[in-house]
Structure formats: C-alpha cells, structure tokens
Amino acid sequence: MKKPIILINFKAYENSFGKKGVDIAKRIEKISIEYSTEVILSVPATMIPILSQEVSLPIYAQHVDSYPLGAHTGSLLPEMIKEAGAKGTLLNHSEKRIRADEIHDALLRLNKLGLESVVCVDRYELVEPMAILRPTAILIEPPELIGSGISVSKAKPEVITNAVKEISKVPGVFLIAGAGISNGEDVYTAVKLGADGIGVASAVMKAKEPEKVVEDFIKSGIKAMDERNDRN
Ligand SMILES: O=C(CO)COP(=O)(O)O
C-alpha cells in the first residue's frame with residue numbers, strides 16, 4: 001500500500017454500480033494519476049471484473065466469506081474475487097460484521113492467495129488482537145460517526161492516537177482511520193495524528209464532483225505525510 005492510503009468504500013449507493021460506478025471510478029483514477037498516488041476502490045462484487053479492467057487503481061471487494069470451496073450457496077470466496085481481478089478486500093466492516101474465527105480463517109486464505117486485506121474494527125482495543133492475524137491494514141471506524149459528516153479526526157481524535165499506539169506493537173501492518181471524513185482538513189488531522197491514511201464513503205459517493213473531494217483528500221494527505229517525513 002502506498003501512503004497516504006486513501007480507501008474509498010463504494011458501499012451500495014445508487015452510483016456505486018453499473019455505468020455510474022465506472023464513471024466515478026474513472027474520475028477518481030484521473031486525479032490519482034495526476035498526483036502520482038494510489039486510491040483503493042472497495043466496490044460491490046459485481047463491479048470487480050469491469051473495474052479491474054477499466055481502471056488502473058487497486059480494486060477491493062467489500063467482504064468475503066471464509067467457507068471452503070464447495071456447497072455454499074450465495075457465498076463470495078477469496079478465490080472468486082482473485083479470479084475477478086481484485087487486489088484485496090475489506091473484512092468485518094461495521095455494516096457487514098463477521099465473527100473473529102471467520103476473520104482468522106479468511107485472512108489465512110487471503111494471505112495464501114496473495115490478496116491484501118483491511119480488517120475493520122470499531123475500537124482501539126481490537127487493533128492489536130486483529131493486527132497479529134496479519135492483515136495488510138486495520139481500518140478503525142467508530143460506527144456512530146459513519147455517514148454522519150462528523151469526522152473521527154475532529155470528534156474522537158483519541159480513537160486515532162490510541163489506535164496508532166496499538167498498531168506500533170505489530171510492525172508491518174498499516175493503520176487507516178475512517179468515519180465521517182468530509183474534507184481535506186479531516187484527512188490532514190488523521191494523518192498528523194499518526195494514521196497511514198483514511199477510509200471514506202459518503203463524502204465521495206454523495207458528492208456532485210467526487211473528483212474534487214478526492215483531490216482535496218489526496219493533497220491534504222500528502223501534505224501531512226510530507227510533514228511527518230513518512231511518505232513512500
Ligand atoms: O464506513 C466508512 C468507510 O468504510 C465510512 O463511511 P463515511 O465516510 O460515509 O462515514
């Protein structure tokens with residue numbers, strides 16, 4: 001993953017899929033290329049094949065099941081998203097919680113397949129226990145702020161600073177902060193507090209000009225990383 005990490009969760013908005021989904025992905029790709037950075041798009045499963053072909057950005061699923069291949073109707077398995085072109089997946093988003101044993105099993109599979117993984121947690125006490133299962137990154141999001149327009153950076157900066165302390169115990173796992181991220185200032189603050197980047201959905205997916213919002217995020221993330229002397 002490239003810092004500052006900007007992860008956009010498409011969720012299931014009306015413009016998350018179909019032609020509108022491709023259009024928004026392409027607009028984000030254009031901005032990302034302009035700033036020589038990388039924006040991760042976590043998209044509905046149906047969009048993985050087309051977006052993996054049409055845009056050069058890393059495409060993630062939003063969830064995978066941990067069942068083995070076989071008789072499991074309706075399942076989305078790590079092998080399937082890999083074959084569809086995904087580079088990784090979110091796991092345990094607050095809108096798609098799974099059990100700890102399922103997270104463990106899914107991570108084993110994903111790591112074996114060479115897929116990246118972002119495990120979501122709702123509190124800092126879960127950062128270290130999840131990080132030792134070796135995901136690529138942990139995404140910390142207080143659920144009450146998700147979709148609120150009030151950012152974790154402003155409303156609960158201590159969630160980020162505590163999570164940063166916890167992640168430092170497990171070298172090699174990135175920390176992403178999210179929930180309510182709305183503007184460049186929110187991104188700047190999150191990164192200055194020690195996060196490797198941000199996760200966002202509504203501020204981008206509901207925007208009239210999503211590429212402008214993403215540009216503001218990228219510029220602010222780069223500025224904060226440069227001030228930390230920590231950009232790669
Ligand atoms: O859930 C989120 C990203 O995974 C955050 O959602 P919002 O950016 O809408 O608060």
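Note that ligands are numbered from 1 as they come in the structure, with each ligand's atoms numbered from 1 the same way.
Counting the atoms of ligand 1 from 1 in the order shown, those under 4.0 Å from a heavy atom of Gly147 are 7 (P), 9 (O), 10 (O). Proximity to Ser202 (heavy-atom distance under 4.0 Å) selects the following atoms of ligand 1: 7 (P), 8 (O), 9 (O). Within ligand 1, the atoms closer than 4.0 Å to a non-hydrogen atom of Val200 are 8 (O), numbered from 1 in the order shown.
Here the protein heavy atom with the shortest distance to atom 4 (O) of ligand 1 is His93 NE2, 2.9 Å. Atom 8 (O) of ligand 1 has as its closest protein heavy atom Ala201 N, 2.8 Å.
Between Ile138 and Ile167, the shortest heavy-atom distance links the atoms CG1-CD1, 3.8 Å. Here the shortest heavy-atom pairing between Ala155 and Leu145 reads CB-CD1, 4.0 Å.
Of all the listed residues (Met205, Lys206, Glu141, Lys11), Glu141 holds the heavy atom that lies closest to atom 3 (C) of ligand 1.
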**Message:** Under the criterion salt bridge (Lys or Arg N to Asp or Glu O under 4.0 Å), I'd like the reasoning laid out for Glu209 against Arg27: C-alpha separation, chi angles, the key distance, then a yes or no.
**Reply:** CA-CA 9 Å; Glu209 297 179 294; Arg27 290 187 199 203; over 6 Å; no
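Counting heavy-atom neighbours within 6.0 Å of Lys169 NZ, excluding the residue itself, gives a total above 12.
Annotation: Gly180 places an N or O atom under 3.5 Å from an N or O atom of ligand 1; distance criterion only.
Here Lys212 does not pair with Asp216 in a salt bridge; the nearest charged N to carboxylate O distance is not below 4.0 Å.
Within the structure, ligand 1 lacks Gly178 among the residues with a heavy atom less than 4.0 angstrom away. In this structure, Ala179 is part of the shell of residues with a heavy atom less than 4.0 angstrom from ligand 1.
Side-chain atoms of Asn15 never come within 3.5 Å of backbone atoms of Ile24 as a donor-acceptor pair (strictly under, hydrogens ignored).
Within the 4.5 Å cutoff, no side-chain heavy atoms of Asn162 are placed close to those of Glu166.
Only the side chain of Asn9 comes within 4.0 Å of ligand 1, judged by heavy-atom distances.
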